[in-house]
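Accompanying notes for the structure given below.
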Amino acid sequence: MDNGQDEPLFRQRAEKIISRHAQAIVDSVHELRDLGLVPHASADVRISGEPPRFKMYVINGEEAFFGYYAVAEHTVALGGGRSRCTT
C-alpha cells in the first residue's frame with residue numbers, strides 16, 4: 001500500500017513468515033539435542049511490537065550475530081490478489 005496506512009493482510013503475511021522462520025530455528029536446535037549432537041540445547045524466541053528491522057542470534061548468552069533486513073519494494077500475494085509494497 002503506497003499511502004502509508006496499515007495493511008492488515010501485509011502484517012499477517014509478515015507475521016507468518018517470521019513465525020515460520022523462528023520455528024525452523026527452534027526445531028533445528030531441538031533436533032541437535034535429540035540426536036545427541038550437543039549435550040544441552042534450547043532456543044527462545046522473543047518478539048517486540050515493533051516491525052522487524054533486523055534478526056539477532058545470541059549463542060550461549062555470550063556471542064551475538066545479527067543482520068539487518070534490506071528494504072525493498074516488490075509485488076507480493078495478499079488476499080488472493082497482488083499488491084505492491086515495501087518490505
Hydrophobic cluster of Leu37, others only, ordered by chain and residue number, side-chain cut-off 4.5 Å: Leu32, Leu35, Val38

Each residue besides Val58 in its hydrophobic cluster should be listed here, by chain and number; the cluster joins Ile, Leu, Val, Met, Phe, Trp and Tyr at side-chain heavy-atom distances under 4.5 Å. Phe54, Met56, Phe66, Tyr68

With sequence neighbours left out, the residues meeting side-chain hydrogen bond (donor to acceptor under 3.5 Å, both in side chains) with Arg11 are Asp6

Could you report the tightest heavy-atom contact between Val45 and Val26, atom names first, then the distance? CG2-CG2, 3.6 Å

Taking all non-hydrogen atoms of both residues into account, name the closest pair between Phe65 and Ile59 and its distance. CE1-CG1, 3.7 Å

Enumerate the residue pairs fulfilling salt bridge (charged side-chain N to carboxylate O under 4.0 Å, His left out) with a member in residues 17-28, sequence neighbours excluded, ordered by first and then second residue. none

Above 12 or not: heavy atoms from other molecules or residues under 6.0 Å from CD of Glu31? no

When clusters are formed by joining ILVMFWY residues with side-chain heavy atoms under 4.5 Å apart, either directly or through shared neighbours, do Leu9 and Val76 land in the same one? yes

In this structure, CD1 of Ile18 is separated from CZ of Arg13 (nearest 0.5 Å) by 10.5 Å

Identify, with sequence neighbours excluded, every residue that meets salt bridge (Lys or Arg N to Asp or Glu O under 4.0 Å) alongside Arg53. Glu50

Do His21 and Ile25 have side chains that approach each other closer than 4.5 Å (heavy atoms only, starting at C-beta)? no

Determine which pairs satisfy side-chain hydrogen bond (donor to acceptor under 3.5 Å, both in side chains) with at least one residue from residues 32-47, sequence neighbours left out, and list them in order. none

